[in-house]
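Contents: one structure, followed by commentary.
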Amino acid sequence: MACYTYMVECRDKSLYTGWTNDLEGRIRAHNAKKGAKYTKSRTPVRLVYYETFATKQEAMRREYEIKRYTRKQKLALLCRKSADALPHV
């Protein structure tokens with residue numbers, strides 16, 4: 001089963017990074033205010049970035065790495081990855 005590290009843009013334009021093994025379900029959960037505590041008051045969220053990994057450990061490691069980025073570094077990461085390939089969730 002694939003695992004994902006993802007980034008969403010919240011209503012207030014802040015960025016939240018997480019990991020999941022069900023990307024579409026996780027975005028739905030965030031928007032239903034059942035996702036992370038951080039996003040509950042910032043819905044709706046919009047998927048802006050994701051990476052796919054073979055294991056949970058790899059996805060969690062990448063999540064930790066991205067969470068340590070500055071906002072400027074996160075935006076640069078978004079610019080390098082095309083939004084065209086994002087699933088519609």
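In what follows, residues are counted from 1 in the order of the sequence shown. Model, not experiment: these values are computed from the prediction.
- Counting only heavy atoms from C-beta outward, the side chains of L15 and V8 never approach each other to under 4.5 Å.
- One finds the NZ atom of K74 at 10.0 Å from the OH atom of Y69 (value rounded to the nearest 0.5 Å).
- In this structure, the separation between CG on L47 and CD1 on I27 is 4.5 Å, given to the nearest 0.5 Å.
- Atom CZ of residue R62 and atom NZ of residue K67 lie 13.5 Å apart, to the nearest 0.5 angstrom.
- Separation of atoms SG (C10) and NE2 (H30) is listed at 8.0 Å; rounding is to 0.5 Å.
- Between the side chains of T20 and D22, not a single donor N or O lies within less than 3.5 Å of an accepting N or O.
- Distance CD/E63 to CZ/R68: 13.0 Å, rounded to 0.5 Å.
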- Using the side chain to side chain contact (heavy atoms under 4.5 Å, CB included) rule, take T5 and Y50 through it: C-alpha gap first, then chi angles, then the decisive distance, then the call. CA-CA 6 Å; T5 299; Y50 75 96; over 6 Å; no
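- Between the E65 side chain and the R61 main chain, no donor and acceptor come within less than 3.5 Å of each other.
- Closest non-hydrogen pair, W19 versus C3, comes out as CZ3-SG, 4.4 Å.
- Looking at L75 and K72, their side chains never come closer than 4.5 Å, going by heavy atoms from C-beta outward.
- Annotation for A2 and T52: closest pair CB-CG2, 3.9 Å, computed over non-hydrogen atoms.
- Classification of the Y16-Y6 ring pair by plane angle, with boundaries at 30° and 60°, yields tilted.
- Side-chain contact check for M7 versus L78: some heavy-atom pair is nearer than 4.5 Å.
- When all heavy atoms of T43 and N31 are compared, the pair lying nearest together is CG2-CA, 4.0 Å.
- Counting heavy atoms from C-beta on, the side chains of Y4 and N21 never come closer than 4.5 Å.
- Expressed to the nearest 0.5 Å, how far CZ of R28 lies from NZ of K34 amounts to 12.0 Å.
- The 12-atom threshold is exceeded at NZ of K33, counting heavy atoms of other residues, nucleotides or ligands nearer than 6.0 Å.
- For the pair R46 and V48, the minimum side-chain heavy-atom distance is below 4.5 Å.
- Under a cutoff of 6.0 Å and an axis angle of 45°, R42 and Y38 form a cation-pi pair.
- In this structure, M60 is not a member of the same hydrophobic cluster as Y64, with clusters built from ILVMFWY side-chain heavy atoms closer than 4.5 Å.
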